[in-house]
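On a predicted model such as this, the values are computed, not experimentally measured, just so you know.
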Amino acid sequence: MILSRISKAIREQNWFAVAIEFLIVILGVVIGFQVTAWNAQRMANDRAEVLTARLIEDMQAEQWRVIGVTTYYEQVADNAQRALDTLEGRRETDDRTLVVEAFRATQIFSFPVIRTTYEELVSTGTINLIADDALIAGAIEYYETGQDEISFQNPDRPYRYAFFALAERDLYDALADVCAEPRTLTIGDYDALPGLLLSPCEIEGHDEAFARIAQRLRTSDTIRPLLRQRTVEASIESRSQAYWLDLFRRILPPASE
């Protein structure tokens with residue numbers, strides 16, 4: 001339609017009409033490009049909002065995990081210290097309490113690092129869509145540090161396996177069922193964290209097994225040095241999370257503790 005009008009205007013040498021038609025064509029192209037750019041920007045903004053929300057959600061889960069590590073290993077260290085105090089004569093307690101505390105000193109907080117959104121941002125090259133500079137800088141620092149690599153715990157778990165060597169299966173299964181952290185523990189459950197390894201550990205029977213394991217603990221030449229190491233490494237693991245807790249407080253909305 002426009003081309004036919006331009007052709008007619010040229011034949012009639014109506015240069016004003018030709019100019020107007022060309023202007024209409026150019027404006028149409030410009031507007032078309034602009035609408036396309038606006039749509040692309042809107043889609044990018046929508047994508048950025050989704051990715052930002054997902055990254056915040058992942059890091060809030062990590063914030064809970066780090067708070068959990070802090071609380072959990074403080075409790076592990078406390079159990080280890082009480083058991084060590086008993087074995088080294090600074091404290092008197094019954095066989096059941098000693099075995100439970102020695103068992104709880106073996107425990108490991110095993111929630112994996114949640115990094116799905118961060119890895120997607122890196123692999124797809126969309127990390128620049130995150131407009132919150134503090135959030136993305138914090139995410140890069142946290143995820144690129146390598147949380148497993150900076151743990152202060154001995155990866156060979158010498159105390160844990162030394163306790164295994166003194167334990168008996170039936171009683172150990174009962175301890176794992178009743179005296180470890182709740183198996184229903186879910187990410188984000190702040191209410192459960194304070195009592196993970198402090199709840200009552202009520203096990204019916206097994207009196208003879210408790211007595212045998214307690215005797216092995218009391219007479220072992222290897223368990224006390226390993227337990228002493230466990231008290232220190234668990235305490236360091238707990239205290240070392242303070243840096244990450246401060247980072248999360250600076251870049252995330254307040255945690256719903």
Worksheet item: Take atom CD in E144; do more than 12 heavy atoms of anything else shown fall under 6.0 Å from it?
Response: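 Enclosed.
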Same apolar cluster: [X] and [Y], side chain cutoff 4.5 Å:
X: I108; Y: F164; answer: no
X: Y161; Y: V232; answer: no
X: L193; Y: L198; answer: no

Worksheet item: Can you tell if the side chain of L196 reaches within under 4.5 Å of the side chain of P182, non-hydrogen atoms only?
Response: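 SC-SC contact between L196 and P182 confirmed.
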Worksheet item: What do the steps show when you test Q229 against Y159 for side chain to side chain contact (heavy atoms under 4.5 Å, CB included), and what is the final call?
Response: CA-CA 8 Å; Q229 175 185 332; Y159 171 72; over 6 Å; no
For the residue pair [X] and [Y], what are the closest heavy atoms and their distance?
X: V76; Y: A234; answer: CG1-CB, 3.8 Å
X: A105; Y: R230; answer: O-NE, 2.7 Å
X: I223; Y: F163; answer: CD1-N, 4.1 Å
X: N79; Y: L197; answer: ND2-O, 3.6 Å
X: S240; Y: W244; answer: O-CD1, 4.4 Å
X: L227; Y: L84; answer: CD2-N, 3.5 Å

Hey, can you pull the donor-acceptor pairs under 3.5 Å for the side chains in residues 127-138, sequence neighbours left out?
| residue | atom | partner | partner atom | Å |
| --- | --- | --- | --- | --- |
| D132 | OD1 | A134 | N | 3.2 |
| D132 | OD1 | L135 | N | 3.0 |

Worksheet item: Which residue pairs pass the disulfide bond (SG atoms under 2.5 Å apart) test when at least one of the two sits in residues 85-120, sequence neighbours left out?
Response: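 Every candidate disulfide bond (SG atoms under 2.5 Å apart) pair involving residues 85-120 fails, so no pair, neighbours aside, qualifies.
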Discussion item. Listing request: all disulfide bond (SG atoms under 2.5 Å apart) pairs with a residue in residues 190-252, at least two apart in sequence or in separate chains.
Written reply: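 Of all non-adjacent pairs touching residues 190-252, those that pass disulfide bond (SG atoms under 2.5 Å apart) are C179-C201.
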Worksheet item: Quick one: side chain to side chain donor-acceptor pair (under 3.5 Å) pairs with a partner in residues 95-114, sequence neighbours left out?
Response: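 For residues 95-114, and leaving out neighbouring residues, the side chain to side chain donor-acceptor pair (under 3.5 Å) pairs sorted by first residue read R82-E101, R91-E101, D94-T97, D95-R218, R96-D207.
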Discussion item. Per the side chain to side chain donor-acceptor pair (under 3.5 Å) rule, what does the pair list look like for residues 67-77, sequence neighbours excluded?
Written reply: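 Pairs touching residues 67-77 that pass the test: Y72-E181, Y73-Q153.
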Worksheet item: Would you say the side-chain atoms of E62 pair up with the backbone N or O of I114, donor to acceptor, closer than 3.5 Å?
Response: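 Yes, the answer is positive, given that a donor and an acceptor are paired below the 3.5 Å cut-off.
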Discussion item. R250 vs L247, test: side chain to side chain contact (heavy atoms under 4.5 Å, CB included). Steps then yes/no.
Written reply: CA-CA 5 Å; R250 285 189 282 109; L247 174 70; 3.6 Å; yes
For [X], check salt bridge (Lys or Arg N to Asp or Glu O under 4.0 Å) against everything at least two apart and list the hits.
X: D156; result: none
X: R228; result: E88
X: D85; result: R90
X: E208; result: R212

Practice prompt. Please assess V69 against E237 for the test side chain to side chain contact (heavy atoms under 4.5 Å, CB included), listing each intermediate value before the final yes or no.
Written response: CA-CA 8 Å; V69 168; E237 191 76 12; 4.3 Å; yes
Discussion item. Side chain to side chain contact (heavy atoms under 4.5 Å, CB included) for Y118 and D58? Distances and angles first, verdict last.
Written reply: CA-CA 9 Å; Y118 178 75; D58 283 2; over 6 Å; no
Worksheet entry | Pairing residues for F111 by the ring pair (Phe, Tyr, Trp, His ring centres under 6.0 Å) criterion, not counting sequence neighbours |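 For F111 the ring pair (Phe, Tyr, Trp, His ring centres under 6.0 Å) partners, ignoring immediate neighbours, are W64, F109.
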Worksheet entry | Contacts of type ring pair (Phe, Tyr, Trp, His ring centres under 6.0 Å), residue F103, not counting sequence neighbours |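 Ring pair (Phe, Tyr, Trp, His ring centres under 6.0 Å) list for F103, sorted by chain: Y172.
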When rounded to the nearest 0.5 angstrom, what is the spacing between [atom1] in [X] and [atom2] in [Y]?
X: T117; Y: M59; atom1: OG1; atom2: CE; result: 10.5 Å
X: L55; Y: T116; atom1: CG; atom2: OG1; result: 11.0 Å
X: L87; Y: T219; atom1: CG; atom2: OG1; result: 9.5 Å
X: L252; Y: I56; atom1: CG; atom2: CD1; result: 7.0 Å
X: I67; Y: F248; atom1: CD1; atom2: CZ; result: 9.0 Å

Item to complete: Please determine, by modelled atom types, if Y142 and Q63 share a side-chain donor-acceptor pair under 3.5 angstrom.
Response: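 No donor-acceptor contact under 3.5 Å links the two side chains.
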Practice prompt. Quick one: which residue pairs count as a salt bridge (charged side-chain N to carboxylate O under 4.0 Å, His left out) with a foot in residues 105-115, not counting sequence neighbours?
Written response: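 Passing the test, one end in residues 105-115: R115-E119.
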